[in-house]
Amino acid sequence: MSKQTLSFQAEVAQLLKLVTHSLYSNPDIFLRELVSNASDACDKLRFEGLNNAALYENAPNLEVRVSFDKAAKTITITDNGIGLSQIEAVEHLGTIAKSGTRDFMAKLSGDQKNDAQLIGQFGVGFYSGFIVADKITVESRRAGLPAAEGVRWSSAGTGDFEVETIDRAERGTSVILHLKDDASEYLNTWKLKSIISKYSDHISLPILMKKEEWKEGENDQPGEMVTTDEWETVNQAAALWTRAKKDITQEQYDEFYKQISYDSQPPLATTHNRVEGSTEYTQLLFIPGKAPMDLFNRDKAAGVKLYVKRVFIMDEAQALLPTYLRFVKGVVDSADLPLNVSRELLQESRAVKAIREGCTKRVLSMIEDLAANEPEKFSMFYNEFGAVLKEGLGEDFANRDRLAKLLRFVSSTTDTVSVGFADYKARMKEGQSAIYYITADTLAAAKSSPQLEIFRKKGIEVLLMADRVDEWALNYLPEFDGTPLQSVAKGAVDLGQLQDEDEKKALEEAQAQFKPVLDRLKEALKDKAADVRATTRLVDSPACLVVQDGDMSTQLARMLKQAGQAVPEVKPVLEVNPQHPLVRKLEASDNFDDLAQILFDQALLAEGGLPEDPAAYVRRVNQLLEKA
Ligand code: ADP
Ligand code: MG
């Protein structure tokens, strides 16, 4: 191929502008990006080499070399990884295959720190070279191709780039940065080393630089550092998770976390372990401090990368953790899995099952540890991820009890999300035999629900729940530590021993005395209510709706309907308060049917629902108002 000039895809040109303009205040990241590409290229060679050892061309030691030339003002990053063919150079360095670019551009916030994190996430890393360079030359040969099929790519980072064929004996890639005048600070061993140790220490390949030596000055001349021809390894060259815990600082863990998660903040918690036994693996897992935007998308990518014996296998290995722990980031490195493991195989592997169980336990202990020892962090965690954790009740039966202990709620007596089931149990009234809770669309609705009236009156705490998953999740938790959970909006309230004999008797009498009214109400509301009965659960309200034990609550039914799902028609039970003046007036009134309808619709409104026929409701109420 003779020299050709090609244009960048329009998006690349646009992106280049953005990258160089938005990231100039954090120029160091160019080296991180280029070293990470070199490392990716070596990973790819390792992976392809599994089935085709010839690709190694008898040079099995993979490495990255970073050097500079002061006089020419260049920095060169060379790897002996997979390399680029001519076509690949044009495609990978001239177009952006990933559709993520537009997203990237949309997400640029103008906040340089954030933008710098984003750049790697969207695979625009290579172009960050143009932050410090006004020209980049890439020379490469793909492993396995003849020496005559090398390629030189070069560009000034504006509208176009050039490609031509070259001879290149070594496989792999050299990226040569021709530095801008104001970037000459990078022509310095110490500077480059410090960037490498900050960002690239954990890269599992050796990164080599030329050794420097102090040379004494002669004849009164001052001494100086000179670069020798000897190469030395300047990074730890061991994947972070393969190193001993005691040799790793929290800062190093944090930096690693930031790189794999694209988060600009450190993680809330870190766990790092080697597990030995029938399955062997290393886990390095993090709990982020903030939830991603798409946390509630259960199909979303998982955050754990899978390695097998240090060879990178895949990102987002969903099989390694249950879905409800999808917010966890990190790495699992297995010693047992075959290197050619596929996603399908992962689902079935027994080793993976063991890893998954082990990782789940680890994550739960991390959270338990926060709960026990770092209340502030725990409440940050719970704010961000509490709702997702609840999904675990339905998903992970083996750990249900551990999960239940981690849940926290607001209650009728405590305004912060801080009441655990155990706290609740510890303050239960004498004679109380259930943990009471109510679910509603919002906490405000739960708090002012008429169903709570009798509990307030008797000073019994009720847990208030308004997360979308609550009702579904609690279906899977019939009891906590031997005490049943009871929704106060389901079934008839049975306060058991909390209700004294007089009250029980009063209710029975009311039921009997009230029977004719109840029968008439039943008849008037037969299309809407499954039953009408008298209750003692109400103090200030005339009526409320409850569903029968085992039925879906009206809120859940509403929620599912809004989400477009088919729901079985559940008729609620109308419970009326025989002590209430409105209810007492019913019997003698001349518009009984209208009042019955109003009573029902108001009970629906009180729990956040809407009357079936709002206009009719308004008409009926207005008629009443006119009379008054
Ligand atoms: P990403 O690394 O996220 O894919 P980059 O912009 O950093 O995005 O790199 C673009 C592409 O260029 C890479 O996907 C890879 O195909 C190719 N590339 C970059 N650097 C190298 C390298 N040193 N060796 C081989 N290919 C490379
Ligand atoms: Mg990259």
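Indexing begins at 1, ligand by ligand and atom by atom, following the structure's order. Heavy atoms only: backbone and side chains are in, while hydrogens, waters and symmetry mates are out.
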Query raised in the report: Is it true that Arg142 and Glu48 have a side-chain N and a carboxylate O under 4.0 angstrom from each other?
Result: yes
Query - Asp79 N/O under 3.5 Å from ligand 1 N/O - result: yes
**Report entry** From the candidates Thr173, Asn37, Leu84, Asp40, the one that places a heavy atom nearest atom 19 (C) of ligand 1
**Finding:** Asn37
Query raised in the report: For Ser128 and Glu33, does a side-chain donor sit closer than 3.5 Å to a side-chain acceptor?
Result: no
Query raised in the report: Hey, does Phe126 come in under 3.5 Å of ligand 1, counting only N/O atoms on both sides?
Result: yes
Query raised in the report: Without hydrogens or angle criteria, can the side chains of Thr165 and Gln86 be said to hold a donor-acceptor pair below 3.5 Å?
Result: yes
Query raised in the report: Between Thr137 and Ser154, is any side-chain donor less than 3.5 angstrom from a side-chain acceptor?
Result: no
Query - N-O pairing of Arg141 and Glu57 below 4.0 Å - result: yes
Query raised in the report: Just wondering, is there an N, O or S atom on Ser36 that's nearer than 2.8 Å to the Mg ion (ligand 2)?
Result: no
Query raised in the report: Atoms of ligand 1 less than 4.0 Å from Leu93 heavy atoms?
Result: 12 (O)
**Report entry** Proximal atoms of ligand 1 relative to His92 (non-hydrogen, under 4.0 Å)
**Finding:** 10 (C), 11 (C), 12 (O), 16 (O), 17 (C)
Query raised in the report: Would Glu213 and Lys211 pass as an ion pair if we require N to O under 4.0 Å?
Result: no
**Report entry** Side chain, backbone, both or neither: Ile77 near ligand 1, heavy atoms under 4.0 Å
**Finding:** neither
